[in-house]
Peer 1: 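Have a look at this one.
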Amino acid sequence: MRSHFLFPLSALFLLLVCFLGSVTGGELFSKLPQTLILTASPKQGQVLIAGESSIKISWGLNQTKALGSDTSAAYKKVKVKLCYAPVSQQNRGWRKTEDDLKKDKTCQFTVTTQPWTKNTTTGYDYMLERFLPTATYFVRAYVLDSGDKEVAYGQTTDAQKGTNSFEIIGISGRHASLDIAAACFSAFAVLSLAFFFVKEKRMRKV
Ligand SMILES: *[C@@H]1O[C@H](CO)[C@@H](O)[C@H](O)[C@H]1NC(C)=O
Ligand SMILES: *[C@@H]1O[C@H](CO)[C@@H](O)[C@H](O)[C@H]1NC(C)=O
C-alpha cells in the first residue's frame with residue numbers, strides 16, 4: 001500500500017525538478033563582476049581570415065579589483081569565447097544578446113577552456129577556425145566555478161561593446177561549394193557501395 005503511494009509521489013517530484021530546471025534560467029551577465037583583464041592581439045578594425053590568421057589572447061586577475069572581496073578561491077576554469085559585436089547582431093535574432101547567459105547568443109564560439117591560474121597571466125594562441133562566419137567580433141572570457149557556473153568575466157571591449165572589435169572574413173563561397181561537393185561525393189560513394197552489395201546478394205540467391 002505504502003510503496004504504491006510512494007512511487008507516483010517520487011515521479012511527481014522528479015517531474016517538478018525537471019520543470020523547475022527548465023524554467024529557471026542561467027546566470028545573469030549583468031550580475032557578474034569583471035575581475036579578469038583580457039587582451040587579444042587584433043587591433044581595432046583589423047581584418048583576419050578564418051582558417052588562416054591566428055590571434056593571441058591573454059588573461060589574468062585584475063588584482064586591484066579583486067583586492068576588496070577576493071572571491072577568486074571559487075574560480076576553477078576560464079572559458080574564452082568569440083562574440084558578435086553589435087554591428088553584426090543587427091536584424092539577426094539568432095545572435096541576440098540576453099542577460100540570461102543560458103539564452104544569450106552573443107558569444108557562440110568557444111576558443112578554449114583552461115584551468116584557472118591565480119597569479120600568472122595566461123596566454124593562448126588561437127588559429128581562427130574555418131567555420132567562423134564573416135562578422136565583427138570581440139573576445140570575452142567567463143570564469144567558471146567547480147559547477148561550471150559563470151562567476152566572473154573579462155572582455156576586450158568596453159561595456160557598450162564599441163571598442164576593440166575586429167573582423168573575420170569567413171571561408172569564401174568557393175570553398176563552401178567545394179566542401180559540399182566533397183560531401184555529396186562521399187554520400188554517392190556510400191550509396192553505390194550499398195547498391196553493389198545488394199545487387200551481389202541478389203545474384204547469389206539466383
Ligand atoms: C582593474 O580594476 C580597477 C578597479 O575596478 C579598475 O579601475 C581598472 O581599470 C581595472 N584594470 C583594467 C586593466 O581593467
Ligand atoms: C600567488 O600569490 C600569493 C599571494 O600574493 C603568494 O602567496 C603565492 O606564493 C603565489 N603563488 C605563486 C605560484 O606564485
Peer 1: Check whether any side-chain heavy atom of Leu144 sits under 4.5 Å from a side-chain heavy atom of Tyr75, and report yes or no.
Peer 2: no

Peer 1: For Phe29, give me all partners under ring-ring contact (aromatic ring centres under 6.0 Å, His included), at least two apart in sequence or on another chain.
Peer 2: Tyr153

Peer 1: Side-chain contact test, heavy atoms from C-beta onward, threshold under 4.5 Å: evaluate it for Val78 versus Leu36 and give yes or no.
Peer 2: yes

Peer 1: Any heavy-atom pair between the side chains of Asp104 and Asp99 that's under 4.5 Å?
Peer 2: no

Peer 1: Is any side-chain heavy atom of Arg130 closer than 4.5 Å to one of Glu52?
Peer 2: no

Peer 1: Under 3.5 Å, which donor-acceptor pairs do the side chains of residues 121-129 form with other protein atoms, sequence neighbours left out?
Peer 2:
from	atom 1	to	atom 2	distance (Å)
Thr122	OG1	Thr117	OG1	3.0
Tyr126	OH	Glu129	OE1	3.1

Peer 1: Quick one: closest heavy-atom pair of Ile55 and Pro42, and the distance?
Peer 2: CG2-CG, 3.5 Å

Peer 1: Would you mind reporting whether Lys77 and Trp116 have side-chain heavy atoms less than 4.5 Å apart?
Peer 2: no

Peer 1: Given 3.5 Å as the limit, does a donor-acceptor pair link the side chain of Ser53 with the main chain of Leu48, or not?
Peer 2: no

Peer 1: Which atom names give the shortest non-hydrogen contact between Phe138 and Asn164, and what distance separates them?
Peer 2: CB-O, 4.3 Å

Peer 1: Among Ile37, Thr35, Thr120, which residue satisfies the side chain to side chain contact (heavy atoms under 4.5 Å, CB included) criterion with Leu61?
Peer 2: Thr35

Peer 1: Give me the atom names and distance for the closest heavy-atom approach of Gln155 to Gln34.
Peer 2: N-NE2, 3.9 Å

Peer 1: With no hydrogens and no angle check, is any side-chain donor or acceptor of Ser58 less than 3.5 Å from a backbone partner on Thr39?
Peer 2: no

